[in-house]
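Sequence lines set the chain letters: A, B, ... in the order given, protein chains first and strands last, and positions in each chain run from 1. Quick caveat, the model's predicted, so the values are computed rather than measured.
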Number of protein chains: 2
Amino acid sequence: MHSTINEDLRAAGHRLTRTRRAVLDVLERTKYPLSASELYQRLQRNKVSIDLVTVYRTLTVLRDIGLVAQIELHQEGQARFEIQHGREHHHHIRCQTCGKIADLLLCPLKKITAFIEKETKFIVNEHTLEFSGLCPKCQ
Amino acid sequence: MHSTINEDLRAAGHRLTRTRRAVLDVLERTKYPLSASELYQRLQRNKVSIDLVTVYRTLTVLRDIGLVAQIELHQEGQARFEIQHGREHHHHIRCQTCGKIADLLLCPLKKITAFIEKETKFIVNEHTLEFSGLCPKCQ
DNA sequence: TCTCTAATTGCAAGTCTATTGCAATTACCA
DNA sequence: TGGTAATTGCAATAGACTTGCAATTAGAGA
C-alpha cells in the first residue's frame, strides 16, 4: 500500500519522509476530511511534533500528486483534505448544525459533464459537488 | 423591480440605503459573480465611496435574506456574489487558466437530492456544484 | 416638519487561514 | 562517506473576512 504512495511521490521528485508518513497515517485513520489545523492537533495528540506550516506544505504536495483530495465545503472558510488514493470518487454532505460530514458514495455527473462540454466548449477537468442540510440528530 | 427588493429588506428589519442600492446596481450590471474586493474596486471606479467593510456587511445582509447568492469556486480562496433575485437557480464553470466564469443554466440535482435524503436521513437544504476546466480560448 | 430611536457606516484593530523567505536539517544517490 | 537537493521549522507576511465603537443617517411617529 505505502509502496505505491512512495512511488507516486518519487515520480514527482519527492520523498516519503517520516513527516509525510505521519500525515498520511492520520488521514487514513480518519473517516472524514480534516482541515490543516485539525490534522495538526491530531498529530500533537499523537506526540508527533510537526509544524503547522509543514502540514500545509505536505498537504499541498500530496494533493498535487493526487494522493489526497482537497475539499471545500460551503461557507466553511477552510479547506479539508482526505485520502484519495484507492478510494472511489465521491462527494459529501455536511450538517449545518453540528458540522458532521458524511460521504456520498455516488457521482451523478458523468453525463452532465459531457453535456456541459458540448454546450460551453470548455474542457471540464474538475467539479465540486457538496450538499448541506441537517443530519438525523439535528433535525 | 427595486420595490420587491425594498420589501424583502424591510421584512427583515433592514433599509434600502444608497449604499445598498449601489452594491446591488454593480451586481446587476455584472454578468458573473464578483468577490467583495472586485465589487469594491468597481464602486471606486464609479466614484462611489463605500468602505470595504461595508461591502462585506452589505453582502452578508443581502445573502441572508436571499437577494444575493454566495458562490465559492474551487481553490479560489474568496467568496463571490451574484444577484439571485429573479434569476433561475444555476451553477458555474470557471477556466483554470484565465479565470473566466460562465453560467450553466441547469441543475441536475433534484432527483439526486431526493435520493440522498432517503439514503442518509439528512434533510438537504443547500448544494454547491461548480465545474472547472479550460475555456475555449485557453485550451 | 421635527425629533427620536434604531439601523447603518467608516475607521481601526483583530482573527483566521494560508503562504513565503531563509537557514538548518535530513534523505539518499553516487 | 560526501555532496546535493529535498525537507523542515521559525518568523514574518499576505489576504479574506470580522468585530468594536463612535459618528452618521434613515424614517416612523409626534
Side-chain angles (χ1 to χ4, degrees), chain A residues 2-3 5-26 33-44 47-65 67-68 70-81 99, chain B residues 2-3 5-26 33-44 47-65 67-68 70-81 99:
Chain A
H2 264 193
S3 62
I5 289 175
N6 193 4
E7 283 162 26
D8 289 351
L9 279 163
R10 325 220 98 219
H14 295 294
R15 296 164 184 172
L16 180 49
T17 60
R18 199 157 30 85
T19 298
R20 288 184 183 148
R21 216 183 291 267
V23 168
L24 284 164
D25 280 351
V26 171
L34 292 174
S35 69
S37 61
E38 284 172 350
L39 187 38
Y40 177 66
Q41 285 164 24
R42 278 158 196 259
L43 288 165
Q44 288 192 312
K47 315 282 185 208
V48 180
S49 168
I50 298 176
D51 195 273
L52 180 58
V53 173
T54 302
V55 172
Y56 275 107
R57 283 198 271 230
T58 301
L59 290 170
T60 301
V61 167
L62 297 175
R63 180 200 66 203
D64 287 350
I65 63 178
L67 289 176
V68 156
Q70 177 169 345
I71 287 136
E72 283 137 353
L73 302 171
H74 194 53
Q75 290 189 22
E76 263 225 326
Q78 59 181 6
R80 293 182 173 274
F81 299 84
Chain B
H2 264 193
S3 61
I5 289 175
N6 194 3
E7 284 161 25
D8 289 350
L9 278 163
R10 326 221 99 223
H14 295 291
R15 296 165 183 171
L16 179 49
T17 59
R18 198 157 32 85
T19 298
R20 286 182 184 149
R21 216 184 290 268
V23 168
L24 284 164
D25 280 351
V26 171
L34 291 174
S35 68
S37 62
E38 284 173 349
L39 188 37
Y40 176 68
Q41 284 164 25
R42 276 159 199 260
L43 289 165
Q44 288 192 311
K47 315 281 186 208
V48 180
S49 168
I50 299 176
D51 195 271
L52 179 58
V53 173
T54 301
V55 173
Y56 274 108
R57 284 197 271 232
T58 301
L59 290 170
T60 302
V61 167
L62 297 175
R63 180 200 66 202
D64 287 350
I65 62 178
L67 289 177
V68 156
Q70 177 169 345
I71 287 136
E72 282 138 352
L73 301 171
H74 194 53
Q75 290 189 22
E76 264 226 324
Q78 60 182 4
R80 292 182 174 275
F81 299 84

Check: protein-nucleotides 14-17 of chain C nitrogen or oxygen pairs below 3.5 Å:
unit_1, atom_1, unit_2, atom_2, d
C:dT17, OP1, A:Q78, OE1, 3.3

- Query: In Å, rounded to the nearest 0.5 Å, how long is the span from CD of B:E7 to CD1 of B:I65?
  - Reply: 11.5 Å

Please tabulate the protein-to-nucleotide N/O contacts below 3.5 Å involving nucleotides 25-28 of chain D, giving atom names and distances.
unit_1, atom_1, unit_2, atom_2, d
D:dA26, N3, B:R15, NH1, 3.4
D:dG27, OP1, B:R10, NH2, 3.2
D:dA28, OP1, B:R10, NH1, 2.7

- Note on the structure: To the nearest 10 degrees, the angle between the two end axes of the helix from C:dT1-D:dA30 to C:dA30-D:dT1 (five pairs per end) comes to 30°

- From CG of A:L62 across to P of D:dT8 the rounded distance in Å is 10 Å

- Hey, could you give me the CD1/OG1 distance between A:I50 and A:T17, rounded to the nearest 0.5 Å? 7.5 Å

- Task: Whole angstrom is fine here: how far is it from NE2 in B:H14 over to C1' in C:dT9?
- Result: 14 Å

- Message: Within this structure, what is the NE2-CD1 distance for the pair A:H74 and B:I71, rounded to the nearest 0.5 Å?
- Response: 9.0 Å

- Counterpart residues, side chain to side chain donor-acceptor pair (under 3.5 Å), relative to B:R10 (two or more places apart): B:N6

- Message: So, taking the atom named CD1 in A:I5 and the one named CG in A:L62, what distance separates them when rounded to the nearest 0.5 Å?
- Response: 8.5 Å

- Message: In whole Å, I'd like the distance from the CG atom of A:D51 to the P atom of D:dC10.
- Response: 6 Å

- Report the residue (A:S49 or B:R63) whose heavy-atom-nearest nucleotide on DNA chain D is the more 5′ of the two. A:S49

- Message: Measure CZ/A:R20 against P/D:dG9 and give the value in whole Å, please.
- Response: 11 Å

- If you look at every strand shown and take non-hydrogen atoms under 4.0 Å, does B:T19 touch a base, only sugar-phosphate, or nothing? sugar-phosphate

- Output all residues satisfying side-chain contact (heavy atoms from CB on, under 4.5 Å) with B:V61, sequence neighbours left out; order by chain, then residue number. B:L9, B:H14, B:R20

- Taking side chain to side chain donor-acceptor pair (under 3.5 Å) as the test, write out the residues that go with B:Q78, two or more places apart. none

- Query: Among pairs that include at least one residue of residues 54-63 of chain B, which meet side-chain hydrogen bond (donor to acceptor under 3.5 Å, both in side chains), considering only residues two or more places apart or in two chains?
  - Reply: B:R63-B:Q70

- Query: Taking side chain as C-beta onward, heavy atoms only, is B:L39 less than 4.5 Å from B:L59?
  - Reply: yes

- Message: Categorize A:L52 for me: base, sugar-phosphate, or nothing, with a 4.0 angstrom heavy-atom threshold over every strand shown.
- Response: nothing

- Could you state the atom-to-atom distance from CD of B:E76 to C1' of D:dC17 in whole Å? 15 Å

- Just call it for B:R57: base, sugar-phosphate, or nothing, with non-hydrogen atoms closer than 4.0 Å on any strand. base

- At what distance, to the nearest 0.5 angstrom, does OG of B:S35 lie from CD of B:Q41? 7.5 Å

- One should read off an interatomic distance between B:L43 CG and B:T19 OG1, to the nearest 0.5 angstrom, of 9.0 Å

- Message: Expressed as a whole number of angstroms, how long is the span from B:D64:CG to C:dA7:C1'?
- Response: 16 Å

- Note on the structure: Whole-Å distance, B:Y40 OH to D:dC17 C1', equals 15 Å

- Contacts of type salt bridge (charged side-chain N to carboxylate O under 4.0 Å, His left out), residue B:R80, not counting sequence neighbours: B:E38, B:E76

- Starting from C1' on C:dT8, measure out to CZ on B:R21 and report it in whole angstrom. 15 Å

